[in-house]
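Okay, structure first, notes after.
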Amino acid sequence: MKTIKRFFKYENVGLLFALPAFVYMLVIVGYPIISNIVLSVQDVTVKNLARGTKNFVGLDNYIALFRDEVFRLTISNTLKFTVYSLLFQFIIGFALAIFFNKNFSFAKPVRGLLMIPWMIPMTVTALIFKFIFSTDVGIVNYFLRSLGIIGENIEWLTNPNIAMGCVIFANIWIGIPFNTILLSTGLTTISQELYESAAIDGANGFQRFIKITLPLLRPTIESVLVLGFIYTFKCYDLVYVMTSGGPVNSTHLMSTYSYKLSFEMFDYSMGSAAANVLLVILMVVGMVYLKITMEGEND
């Protein structure tokens, strides 16, 4: 008892304050993860779930998973969905951040209004875009027909060649405010005196952007990209509501396919294995983010 008191007497007393959060995370997050890992190395389907038989199969589920053509397609779809979404979200968000960082009327109110897409629940946004891209009653087809650009309605969400683009477009619209606000915050930390000094030395706008803005904004850019990757890579509800992974698996992501394996095909072990692969990828990205954050603090 005296040893415990001595341990928490001085600098280690902070551990007592972190203990409730640690216990909470252990129960709410840790237990489901461990349970999911155990389930992924067993053979649990709807056939043997009622009987309670859970045969240990080792890595057989993971081997079968990577032999599954649909799962390999979901990896490709997830990477495509993430890269294209991040690319356009960042470029548009950065441009808007620079624009709204200027001193002009209504800059702050309009910047606040940009947060609306981010605050709307994802399922509501997904339903809105599902109706926008609807074949028969969609706004997109209505305007294209009105302008005489198309003669027949385009099947935006039921065409395997177009559906992924529609889902990416919806996700870009959602993610732009996130990028804009964080990058705007980063821009406000850069002293205007640096730009004034560079202008006096003869640097033009592009040179000031390359030599001042980008280097000083690097920690913010890294954080935005890593966090955006995590949020986008694990996206589920947007895709599930808009297309449910179809048509012909063309919009299935790792998250939606894991759900399908578990709750539509009732192969719980395979679904757990797919979820664990997604978890490992996000954990690696999370560790990269922590490393970047700690390096930024040290600098």
Side-chain angles (χ1 to χ4, degrees), residues 81-134 137-144 146-147 149 156-157 162-192 194-195 205-206 208-209 212-214 216-243 251 253 255 289 293:
F81 176 80
T82 303
V83 170
Y84 281 113
S85 294
L86 277 182
L87 179 64
F88 288 100
Q89 285 174 0
F90 179 76
I91 293 174
I92 299 172
F94 204 170
L96 289 174
I98 293 173
F99 177 73
F100 286 111
N101 197 48
K102 304 294 182 182
N103 233 350
F104 65 92
S105 302
F106 304 111
K108 292 182 179 179
V110 175
R111 189 168 57 185
L113 290 174
L114 281 176
M115 286 301 295
I116 292 176
W118 179 256
M119 292 186 294
I120 296 175
M122 186 73 78
T123 50
V124 175
T125 302
L127 284 171
I128 291 171
F129 275 96
K130 187 174 183 178
F131 284 114
I132 288 175
F133 289 112
S134 174
V137 296
I139 298 174
V140 176
N141 279 335
Y142 173 77
F143 277 112
L144 291 177
S146 301
L147 295 173
I149 297 175
W156 297 101
L157 298 178
I162 305 176
M164 178 58 81
C166 297
V167 175
I168 292 173
F169 181 86
N171 193 61
I172 290 171
W173 187 81
I174 294 169
I176 287 174
F178 174 78
N179 286 260
T180 302
I181 294 301
L182 290 187
L183 291 170
S184 294
T185 305
L187 287 171
T188 57
T189 63
I190 302 176
S191 175
Q192 293 298 317
L194 295 174
Y195 293 108
F206 180 75
R208 294 197 296 269
F209 177 76
I212 298 176
T213 305
L214 286 182
L216 294 180
L217 207 61
R218 180 183 169 185
T220 304
I221 291 173
E222 290 173 345
S223 299
V224 168
L225 290 177
V226 175
L227 288 174
F229 182 92
I230 293 172
Y231 293 149
T232 307
F233 202 84
K234 68 181 182 63
C235 180
Y236 163 78
D237 35 12
L238 176 71
V239 178
Y240 189 80
V241 173
M242 285 186 69
T243 63
T251 59
L253 306 182
S255 56
Y289 173 68
T293 303

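Heavy atoms only: backbone and side chains are in, while hydrogens, waters and symmetry mates are out. Heads up: numbering here begins at 1 and tracks the sequence.
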Legend entry - Exceeds 12 heavy-atom contacts within 6.0 angstrom, atom OH of Tyr236: yes
Inset, instruction - Could you tell me which non-hydrogen atom of Met164 sits nearest to which non-hydrogen atom of Leu253, and how far apart they are? - result: CE-CD2, 4.3 Å
Inset, instruction - State, to 0.1 Å, how close Leu86 and Gly228 come at their nearest heavy-atom pair, and which atoms those are. - result: CD2-C, 3.5 Å
Inset, instruction - Hey, can you tell me if Phe94 and Phe209 have their rings parallel, tilted or perpendicular (30° and 60° cut-offs)? - result: tilted
Legend entry - Spacing of Ile174 atom CD1 and Cys235 atom SG [to the nearest 0.5 Å]: 7.0 Å
Legend entry - Beyond-backbone contact of Leu227 with Phe178, side-chain heavy atoms, under 4.5 angstrom: yes
Legend entry - Qualifying side-chain hydrogen bond (donor to acceptor under 3.5 Å, both in side chains) pairs with a residue from residues 216-235, counting only residues at least two apart or across chains: Arg218-Glu222
Inset, instruction - Please name the pair of heavy atoms, one in Pro117 and one in Leu113, separated by the smallest distance, quoted to 0.1 Å. - result: CD-O, 4.1 Å
Legend entry - Minimum-distance pair of heavy atoms, taken over all atoms of Asn141 and Ser134: ND2-O, 3.4 Å
Inset, instruction - Consider only side-chain N and O atoms of Thr213 and Tyr195, and report whether a donor and an acceptor are under 3.5 Å apart. - result: yes
Legend entry - Sub-4.5 Å side-chain heavy-atom contact between Tyr289 and Phe229: no
Legend entry - Pairwise distance NZ(Lys130) to OG1(Thr125) - rounded to 0.5 angstrom: 14.5 Å
Legend entry - Shortest non-hydrogen separation from Ala170 to Met242 and the atoms involved: CB-SD, 3.8 Å
Inset, instruction - Quick one: list whatever passes side chain to side chain donor-acceptor pair (under 3.5 Å) with Thr82, sequence neighbours left out. - result: none
Inset, instruction - Give the minimum heavy-atom separation between Ile168 and Ser85, together with the two atoms involved. - result: CG2-OG, 3.8 Å
Inset, instruction - For residues Leu217 and Leu183, determine if any side-chain heavy atom of one lies less than 4.5 Å from a side-chain heavy atom of the other. - result: yes
Inset, instruction - Taking the side chain as every heavy atom from C-beta outward, state whether Thr243 and Phe133 have any pair of such atoms under 4.5 Å apart. - result: no
Legend entry - Residues which pass side chain to side chain donor-acceptor pair (under 3.5 Å) with Asn101, listed by chain and number, not counting sequence neighbours: none
Inset, instruction - Quick one: pull up CZ in Phe131 and CD1 in Ile139 and give me the separation to the nearest 0.5 Å. - result: 10.5 Å
Inset, instruction - Under the side-chain contact (heavy atoms from CB on, under 4.5 Å) rule, what do Leu194 and Arg208 come out as? Steps first, then yes or no, please. - result: CA-CA 9 Å; Leu194 295 174; Arg208 294 197 296 269; over 6 Å; no
Legend entry - Reported CD-to-CG distance for the pair Gln89 and Asn171, which is rounded to 0.5 angstrom: 5.0 Å
Legend entry - Point-to-point distance, once rounded to the nearest 0.5 Å, from CG of Leu187 to CG of Leu182: 11.0 Å
Inset, instruction - Quick one: pull up CG in Asn179 and CG in Leu225 and give me the separation to the nearest 0.5 Å. - result: 7.5 Å
Legend entry - Phe90 side chain reached by Ile221 side chain, heavy atoms, under 4.5 Å: yes
